[in-house]
Amino acid sequence: MPPLRLLTVFETVLRAGSVQKAASDLNVTQPAVSQSLKALEDHVGTRLLDRSKRPSTLTEAGRILHVGISEGFGRITDAFVQIRSLQNAAEQSVTVASSIGTATYWLMPRLADFYSEHQNIAVNVLTTAGAPEFQPGVDLIIRYGTGNWKDGRSIKLFDEKVVPVCSPAVVDRIEAEGGLSTATLLHVRSDDNSWLTWKDYLSLNGLPENRALGRYFTNYVQATQAALSGQGMLLGWESNAGDLVREGRLVAFGATAYHPKEAFFLVCPAAAERREAVELLTGWITNLRY
């Protein structure tokens, strides 16, 4: 392969139409352009331009080389366009990590309003079975707790509230059968002991223990769908069931709500790159009214 600069000069001469214009485009002298063309021909071992004509025309070898250079430079240009697109996409995207229940019932319904204001920003939602943690590529985390984490700056979003909920279609049946003491309870198994269980709720409110055969799930999305389909009574957290209650798809059973000391926070990494897209989403989430 000849030096790339010689191929560049050759392509520029053909594109500009003359040695004089090519020299101007390359910001060099005309003799320098002519010398480069001669060096390229010496490297190839044959004439590339027929100088017996004015203006010079391509020989058959020159035509073949011109086709190859045009295709090669075109592919290089396309490659740079794709690289810039990747960079722009990275700059205009934000990845938020949260539990699957919070993502499904709290974050996703609200993102439609964000997109209406910021159509050029893509929000990628990463869901986790347990408490979300920072990992490569994660810009923000929505996390439940006391807010005193050491891996980032915590901004309080909203307090939690827990109240039994069920489908409107089964309220009368549950009341007739004895209420919470005999209802089919929907349980979520979790390794996080900060989440309130049915046993905790009944004990804290001085209610009798429920001895009915309950149903167990591995996450709140499954349990919530079971409640929506009338399969039993769910401990409805504001983050997961709040919108469903306001929409009338679930109803609160009784008036006794429990308010945990933990709350929901938006956590920004301690040493995050302050990209505009991240800052916009951070400001938008923290300014929401709950």
Side-chain angles (χ1 to χ4, degrees), residues 97-111 125 127-132 142-146 156-265 288-290:
S98 74
S99 68
I100 186 171
T102 305
T104 302
Y105 294 115
W106 187 84
L107 178 59
M108 296 303 297
R110 288 163 172 75
L111 280 180
V125 180
T127 59
T128 60
I142 297 174
R143 187 184 281 164
Y144 174 72
T146 58
K156 187 175 180 179
L157 297 179
F158 58 92
D159 290 313
E160 258 298 0
K161 178 179 71 172
V162 186
V163 63
V165 296
C166 64
S167 167
V170 300
V171 172
D172 293 340
R173 187 193 75 200
I174 292 176
E175 288 179 339
E177 293 176 353
L180 291 180
S181 62
T182 58
T184 299
L185 302 184
L186 306 176
H187 303 267
V188 178
R189 289 191 174 97
S190 175
D191 294 330
D192 188 349
N193 57 16
S194 65
W195 288 94
L196 193 74
T197 66
W198 269 114
K199 183 178 180 180
D200 298 329
Y201 177 85
L202 295 173
S203 175
L204 287 168
N205 289 283
L207 298 172
E209 184 177 352
N210 178 292
R211 297 187 180 277
L213 182 63
R215 297 176 184 174
Y216 291 82
F217 304 89
T218 57
N219 62 63
Y220 275 91
V221 173
Q222 297 170 341
T224 302
Q225 291 305 117
L228 286 167
S229 63
Q231 296 181 35
M233 185 74 65
L234 173 72
L235 271 181
W237 295 73
E238 176 65 24
S239 55
N240 293 343
D243 286 349
L244 298 175
V245 171
R246 284 185 282 273
E247 294 166 3
R249 298 175 63 190
L250 293 175
V251 294
F253 189 88
T256 306
Y258 176 74
H259 299 271
K261 65 180 183 299
E262 295 85 4
F264 270 87
F265 293 83
L288 285 173
R289 295 294 177 264
Y290 305 99

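Worth knowing before you read on, the calculation uses all heavy atoms, side chains too, and leaves out hydrogens, waters and symmetry mates.
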What heavy-atom pair brings Ser229 and Ala226 nearest, and what distance separates the two atoms? OG-O, 3.0 Å
Distance, nearest 0.5 Å, that separates CG of Leu204 from OG1 of Thr197: 8.5 Å
Approximate separation, where rounding is to 0.5 Å, of Leu250 CG and Phe253 CZ: 13.5 Å
Okay, side chain of Asn210, backbone of Ala183: is any donor-acceptor separation there less than 3.5 Å? yes
With rounding to the nearest 0.5 angstrom, report the CZ to OG1 distance, Phe265 to Thr146. 6.5 Å
Closest approach of Val221 to Tyr105 (non-hydrogen atoms, all atoms of both residues): O-OH, 3.6 Å
Parallel, tilted or perpendicular: which describes the rings of Phe264 and Phe158, with under 30° parallel and over 60° perpendicular? parallel
For residues 170-187, which residue pairs qualify under side-chain hydrogen bond (donor to acceptor under 3.5 Å, both in side chains), counting only residues two or more places apart or in two chains? none
Gap separating the CZ atom of Arg189 from the CD atom of Gln222, nearest 0.5 angstrom: 11.0 Å
Taking all non-hydrogen atoms of both residues into account, name the closest pair between Leu186 and Trp198 and its distance. O-NE1, 3.1 Å
Calculate, to the nearest 0.5 Å, the distance between atoms CG and CG belonging to Asn240 and Leu234 respectively. 8.0 Å
Closest heavy-atom contact between Pro208 and Leu202? O-CD1, 3.9 Å
Residue pair Thr224 / Thr104, side-chain heavy-atom distance below 4.5 Å: no
Any idea which heavy atoms bring Gly248 and Pro168 closest together, and the distance? O-CG, 3.4 Å
Quick one: list whatever passes side-chain contact (heavy atoms from CB on, under 4.5 Å) with Ala97, sequence neighbours left out. Leu126, Pro132, Val138, Ile141
Any side-chain heavy-atom pair of Thr102 and Tyr220 under 4.5 Å: no
Is there side-chain contact between Tyr258 and Leu235, with heavy atoms separated by less than 4.5 Å? no
Under 3.5 Å, which donor-acceptor pairs do the side chains of residues 160-167 form with other protein atoms, sequence neighbours left out?
from   : atom 1 : to     : atom 2 : distance (Å)
Glu160 : OE1    : Glu238 : N      : 2.9
Glu160 : OE2    : Ser239 : N      : 3.1
Glu160 : OE2    : Ser239 : OG     : 2.6
Ser167 : OG     : Ala169 : N      : 3.2

Pairwise side-chain contact, Trp106 with Leu157, heavy-atom cut-off 4.5 Å (strictly under): yes
For Phe217, ring pair (Phe, Tyr, Trp, His ring centres under 6.0 Å) partners two or more places apart: none
For Asp243, check side chain to side chain donor-acceptor pair (under 3.5 Å) against everything at least two apart and list the hits. Arg110, Arg246
According to salt bridge (charged side-chain N to carboxylate O under 4.0 Å, His left out), does anything in residues 195-209 pair up with another residue at least two apart or in another chain? List the pairs. Glu209-Arg211
With side chains defined as the heavy atoms from C-beta onward, is the minimum distance between Met233 and Leu185 less than 4.5 Å? yes
